[in-house]
2 protein chains.
Amino acid sequence: MNIDHPEALKPRKTPRQARSEVTVDAIFKATVQVLLTDGEHRLTTTRVAERAGVSVGTMYQYFPHKRALLYAVIQQHLTEFVSGFDAACRQLRNASMAVMAEGMVNAFIDIKIRNPDLSRALYKIAAELDTDELRISTASQLQDACTAMLASATDAQFDDLPDVSFTLLTAMNGTTRAVFELGMQERRLNVLRSQLLTLCRGYLQAVARERGAP
Amino acid sequence: MNIDHPEALKPRKTPRQARSEVTVDAIFKATVQVLLTDGEHRLTTTRVAERAGVSVGTMYQYFPHKRALLYAVIQQHLTEFVSGFDAACRQLRNASMAVMAEGMVNAFIDIKIRNPDLSRALYKIAAELDTDELRISTASQLQDACTAMLASATDAQFDDLPDVSFTLLTAMNGTTRAVFELGMQERRLNVLRSQLLTLCRGYLQAVARERGAP
DNA sequence: ACCTGAACACCGTTCAAGT
DNA sequence: ACCTGAACACCGTTCAAGT
């Protein structure tokens, strides 16, 4: 677990000794556990410290406030999402537009689905935090991955690629999130997959210039 | 201001006398004011009561807990959104698919833009509340409005209309919300409008059967 | 009958005292 | 040097006492 927070969320003390690293990790894991076991409302600093086997005071040496705990969890979750999506995009390079759309939609949904309970909990928590910086950085990494992929499409060229990527990603996010929050049932997920595929293909078709066209 | 909360969010006492209604309204308005003036973090029950000119005790006679205050504000905001969007959809009935897409996208963005500060504040707050019921009801009203409009398209027919509406709405919501949270600059809004228009048209094109086709 | 606000329970955060 | 946990400040909520 590496900690890399913006400004106000930086830990007081960077763990330099092995023992400290173990402690930070225990606190981090305790946070996730309490979140999943007891729920967001019951996630108190005392409870996390207790579960981690340290005193509140010690916890405050490594995480300057409660928000820093949550921030760390959200950050890891987003990092995993980004690397999963990026990997998928790389595999889809030099494919056709239609194949890219399908691969991207499926990857997006599959990764979102991976840890539903944690995701749902984090959605609730993220709103209370100042996650602007984190979201912007996440968004731009996803955008880069998508842009690089689309640029390599064998059967089309695109103008304003970053805008196209942005639109695709935020649209996928909106639809997926909605299904997610309604509760993912088999039928809903199937509908999501097929409609999202049509949406992305239709959009790409509409913004594409054929390879070699003016 | 009418109060109509689900189960746990119901006020203790329905105001029957004119005086009480005035009080409830004062509390409601005070909540919005404190929210916009002091921010979500400083929205405390004491502060709202103070601004409304009543004691905390009195406030608790009408709103059983803090969440009920916020719920009321969110509810009104969503109701306004729904009625604005519904009005736009009605005006677009019996138009062509392309005209509908344009009208719908512009209406969606225009209404979202209307009260940016309040919207941003409410996004943050909504996550802490149990707004599932409210969101489901809002979503289904928007879906109905959109479905009824699309059903009247002069140049196309659609299968699975509710699914199509759902996809359009949640995609628009995702993209608009992202722009919204990045901060709405003139350029971003223009990009949003044009990309969203292309997205919706491309999607509708892809799912449409021509009028009269099998 | 209705309102008030001191009192209570609880939580995030600190810091004097301990090792 | 590092850890502990009682103490503090603050907030949501209640209810005895007042009118």
Side-chain angles (χ1 to χ4, degrees), chain A residues 5 7-28 30-31 34-35 37-73 124-125 127-130, chain B residues 5 7-28 30-31 34-35 37-73 124-125 127-130:
Chain A
H5 309 254
E7 204 59 52
L9 295 168
K10 266 188 194 128
R12 292 247 165 78
K13 164 191 277 190
T14 308
R16 295 182 182 280
Q17 305 176 4
R19 192 143 38 102
S20 304
E21 257 182 58
V22 172
T23 305
V24 169
D25 203 54
I27 296 171
F28 177 77
T31 307
V34 173
L35 193 58
T37 318
D38 307 359
E40 324 91 55
H41 298 297
R42 262 150 305 207
L43 187 133
T44 65
T45 48
T46 328
R47 212 180 275 236
V48 171
E50 198 182 334
R51 184 88 63 121
V54 297
S55 75
V56 233
T58 302
M59 203 173 82
Y60 271 84
Q61 279 195 309
Y62 298 104
F63 294 87
H65 38 241
K66 191 186 168 184
R67 280 168 291 141
L69 292 175
L70 306 174
Y71 193 93
V73 179
K124 300 209 167 190
I125 282 167
E128 301 172 44
L129 264 48
D130 250 352
Chain B
H5 309 256
E7 204 57 54
L9 294 168
K10 266 188 194 128
R12 293 246 165 78
K13 164 192 277 190
T14 308
R16 295 181 182 283
Q17 304 177 4
R19 192 142 39 100
S20 304
E21 259 182 57
V22 171
T23 304
V24 169
D25 203 54
I27 296 171
F28 177 78
T31 307
V34 172
L35 193 59
T37 318
D38 307 359
E40 323 92 53
H41 298 298
R42 262 150 306 206
L43 188 134
T44 65
T45 48
T46 329
R47 211 180 276 235
V48 171
E50 198 181 335
R51 183 90 62 122
V54 297
S55 75
V56 232
T58 301
M59 203 173 83
Y60 271 84
Q61 279 196 309
Y62 299 104
F63 294 87
H65 37 242
K66 190 186 170 184
R67 281 167 291 140
L69 293 174
L70 304 174
Y71 193 93
V73 178
K124 301 210 166 188
I125 283 167
E128 302 172 43
L129 264 47
D130 249 353

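Bear in mind the structure is a predicted one, so any value in this text is a computation, not a measurement. Naming convention: chains lettered A, B, ... in sequence-line order (proteins, then strands); numbering from 1 in each chain. The analysis underlying the following values was restricted to heavy atoms, covering all of them including side chains, and did not include hydrogens, waters or symmetry mates.
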What is the distance, to the nearest angstrom, from the [atom1] atom on [X] to the [atom2] atom on [N]?
{"X": "A:K66", "N": "C:dT14", "atom1": "NZ", "atom2": "P", "value": "15 Å"}
{"X": "A:F63", "N": "C:dT14", "atom1": "CZ", "atom2": "C1'", "value": "18 Å"}
{"X": "A:I27", "N": "C:dG12", "atom1": "CD1", "atom2": "P", "value": "15 Å"}
{"X": "A:Y60", "N": "C:dT14", "atom1": "OH", "atom2": "P", "value": "7 Å"}
{"X": "A:H41", "N": "C:dC10", "atom1": "NE2", "atom2": "C1'", "value": "15 Å"}
{"X": "B:R67", "N": "D:dC11", "atom1": "CZ", "atom2": "P", "value": "18 Å"}
{"X": "B:M59", "N": "D:dT13", "atom1": "CE", "atom2": "P", "value": "8 Å"}

* Please report the C-alpha distance between B:R47 and B:T37 in whole Å, then the side-chain angles of each, then the deciding distance to 0.1 Å, and finally whether the side chain to side chain contact (heavy atoms under 4.5 Å, CB included) criterion is met. => CA-CA 11 Å; B:R47 211 180 276 235; B:T37 318; over 6 Å; no

Using 0.5 Å steps for rounding, measure from the [atom1] atom of [X] to the [atom2] atom of [Y].
{"X": "B:T44", "Y": "B:D38", "atom1": "OG1", "atom2": "CG", "result": "8.5 Å"}
{"X": "A:R42", "Y": "A:L35", "atom1": "CZ", "atom2": "CG", "result": "11.5 Å"}
{"X": "B:R67", "Y": "B:I125", "atom1": "CZ", "atom2": "CD1", "result": "13.5 Å"}
{"X": "B:L129", "Y": "B:K66", "atom1": "CG", "atom2": "NZ", "result": "10.0 Å"}
{"X": "B:E50", "Y": "B:M59", "atom1": "CD", "atom2": "CE", "result": "11.5 Å"}

* Of all the base pairs, Watson-Crick or G-U under 3.5 Å, which form stems of three or more consecutive pairs involving DNA chain D? ->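 Runs of three or more consecutive pairs: C:4-8 with D:12-16, C:12-16 with D:4-8.
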
* Closest non-hydrogen atom pair between A:A52 and A:A26, with its separation ->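 Closest heavy-atom pair between A:A52 and A:A26: CB-O, 3.8 Å.
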
* Asked: Minimum heavy-atom separation for B:I27 to B:Y62, with atom names?
  ->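 Result for this residue pair: CD1-CD1, 4.4 Å.
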
* Asked: Looking at DNA chain D, which of residues 42-50 of chain B put a heavy atom within less than 4.0 Å of it?
  ->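 Only B:L43, B:T44, B:T45 qualify.
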
* **Worked check of side chain to side chain contact (heavy atoms under 4.5 Å, CB included) between A:E128 and A:L70** => CA-CA 10 Å; A:E128 301 172 44; A:L70 306 174; 5.7 Å; no

Between N or O atoms, less than 3.5 Å apart, protein on one side and nucleotides 4-7 of chain D on the other: list the pairs.
unit_1	atom_1	unit_2	atom_2	d
D:dT4	OP2	A:S55	N	3.1
D:dT4	OP2	A:S55	OG	3.0
D:dT4	OP2	A:T58	OG1	2.6

* Asked: If you check every side-chain atom of A:Y62, which of D:dC3, C:dG12, D:dG12 has the closest atom?
  ->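 For A:Y62, the side-chain atoms sit closest to D:dC3.
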
* Asked: Out of A:T45, A:V24, A:T31, which residue meets the side chain to side chain contact (heavy atoms under 4.5 Å, CB included) rule with A:F63?
  ->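 The passing option is A:V24.
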
* To do: Please step through side chain to side chain contact (heavy atoms under 4.5 Å, CB included) for the pair A:V54 and A:Q61, ending with a clear verdict.
  => CA-CA 11 Å; A:V54 297; A:Q61 279 195 309; over 6 Å; no

